[in-house]
Peer 1: 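Pasting in a structure now, in structure tokens, and then I'll have a few things to ask.
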Amino acid sequence: MHLLLASHPWPDAVDRSVVFVYVAVIVGVPLAGYVCAYIDWRASYRRLSRALVLVVKYPRQLPHWVRRERPRCLEVFELHIPFTTAQLLAVYRERVKQTHPDRGGDRQRFLELQRYFEQAQALADDDG
């Protein structure tokens, strides 16, 4: 038995190749995962940065074709775009005093004023 061990020293070529393959798999698979994650991260970052550029450069003003004709809800309150909610409320309160049914106004006109107020609120520019 002692002679058998002496004639075949350990580690031999097969053992070295098995250890090499084992180490390559143990180190290579996670390394390949990190490389793929890095590549995917870079692609995601590029897509995100492109999207942010589009959002940042998005025009905040309304296009000229929208401003050409004033919506009916703004005509009623005699407002022009851009306007704030505070400006809308000031004009709305004046109009309500004139059209409220409890003050002798017409109920239909009052309900129409309410509807126009809600529409105009959606167009108000409260960001400044």
Side-chain angles (χ1 to χ4, degrees):
M1 179 90 145
H2 185 56
L3 290 173
L4 187 62
L5 287 175
S7 65
H8 294 294
W10 189 84
D12 61 359
V14 173
D15 291 333
R16 284 190 191 112
S17 61
V18 168
V19 169
F20 177 76
V21 168
Y22 178 75
V23 169
V25 168
I26 293 299
V27 173
V29 169
L31 186 62
Y34 286 124
V35 168
C36 290
Y38 178 72
I39 291 169
D40 184 55
W41 175 81
R42 287 187 60 211
S44 297
Y45 181 73
R46 278 194 301 271
R47 284 192 301 270
L48 177 65
S49 62
R50 275 190 227 120
L52 289 176
V53 166
L54 290 175
V55 169
V56 168
K57 291 185 177 181
Y58 187 77
R60 294 196 53 213
Q61 295 87 10
L62 291 173
H64 68 81
W65 54 270
V66 172
R67 288 183 281 169
R68 195 172 29 204
E69 292 182 20
R70 201 165 38 155
R72 177 74 179 132
C73 61
L74 296 184
E75 286 178 5
V76 168
F77 295 113
E78 297 175 0
L79 292 172
H80 295 281
I81 294 175
F83 63 94
T84 63
T85 303
Q87 293 170 328
L88 175 64
L89 278 173
V91 176
Y92 170 73
R93 287 180 180 136
E94 291 297 318
R95 297 286 194 280
V96 165
K97 289 177 186 176
Q98 298 166 0
T99 60
H100 198 279
D102 292 346
R103 294 194 150 199
D106 183 29
R107 185 175 194 285
Q108 278 306 111
R109 286 189 62 210
F110 177 72
L111 292 176
E112 187 176 77
L113 184 71
Q114 290 292 108
R115 186 171 44 106
Y116 287 143
F117 174 70
E118 291 171 3
Q119 292 171 359
Q121 274 184 319
L123 298 174
D125 182 23
D126 290 327
D127 294 336

Peer 1: In chain order, what residues pass the side-chain hydrogen bond (donor to acceptor under 3.5 Å, both in side chains) check against T85, with sequence neighbours excluded?
Peer 2: D126
Peer 1: Rounded to the nearest 0.5 Å, what's the gap from CG on L88 to SG on C73? Could you check?
Peer 2: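 Result: 8.5 Å between the selected atoms.
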Peer 1: Is the shortest distance from a Lys or Arg side-chain nitrogen in E118 or R115 to a carboxylate oxygen in the other one below 4.0 Å?
Peer 2: no
Peer 1: With Y116, which residues qualify under ring-ring contact (aromatic ring centres under 6.0 Å, His included), at least two apart?
Peer 2: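 ring-ring contact (aromatic ring centres under 6.0 Å, His included) check on Y116 returns nothing, list empty.
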Peer 1: Can you pull out every salt bridge (Lys or Arg N to Asp or Glu O under 4.0 Å) where at least one residue sits in residues 79-94? Sequence neighbours excluded, please.
Peer 2: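 Listed by first then second residue: E94-K97.
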Peer 1: Give me the other members of the hydrophobic cluster that V25 sits in, counting Ile, Leu, Val, Met, Phe, Trp and Tyr linked by side-chain heavy atoms under 4.5 Å, directly or via other members.
Peer 2: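 V25 shares its hydrophobic cluster with V21, V29.
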Peer 1: Members other than L31 in its cluster, when Ile, Leu, Val, Met, Phe, Trp, Tyr link by side-chain heavy atoms under 4.5 Å?
Peer 2: none
Peer 1: Run the side-chain contact (heavy atoms from CB on, under 4.5 Å) test against Y38 and tell me which residues pass, sequence neighbours left out.
Peer 2: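 W41, R42.
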Peer 1: In chain order, what residues pass the ring-ring contact (aromatic ring centres under 6.0 Å, His included) check against F77, with sequence neighbours excluded?
Peer 2: none
Peer 1: Should side-chain heavy atoms under 4.5 Å link Ile, Leu, Val, Met, Phe, Trp and Tyr, which residues sit in the same cluster as F20?
Peer 2: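 Direct or chained contacts put F20 with none.
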Peer 1: Tell me, which pairs form a side chain to side chain donor-acceptor pair (under 3.5 Å) where one or both residues lie in residues 103-112, sequence neighbours left out?
Peer 2: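 Pairs touching residues 103-112 that pass the test: none.
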Peer 1: As an exercise, state the distance from CG of L79 to CG of L74, rounded to the nearest 0.5 Å.
Peer 2: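 L79 CG to L74 CG: 6.0 Å, rounded to 0.5 Å.
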Peer 1: F110: which residues meet the ring-ring contact (aromatic ring centres under 6.0 Å, His included) condition with it, sequence neighbours left out?
Peer 2: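 Testing F110 for ring-ring contact (aromatic ring centres under 6.0 Å, His included), a comparison that skips the adjacent residues, returns H100.
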Peer 1: Taking only residues two or more places apart in sequence, or in another chain, which ones meet E78 in a salt bridge (Lys or Arg N to Asp or Glu O under 4.0 Å)?
Peer 2: R95
Peer 1: Which pairs count as salt bridge (Lys or Arg N to Asp or Glu O under 4.0 Å) when at least one residue sits in residues 24-38, sequence neighbours excluded?
Peer 2: none
Peer 1: Measuring only between side-chain heavy atoms, which start at C-beta, is F83 closer than 4.5 Å to V91?
Peer 2: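 A side-chain contact under 4.5 Å is absent here.
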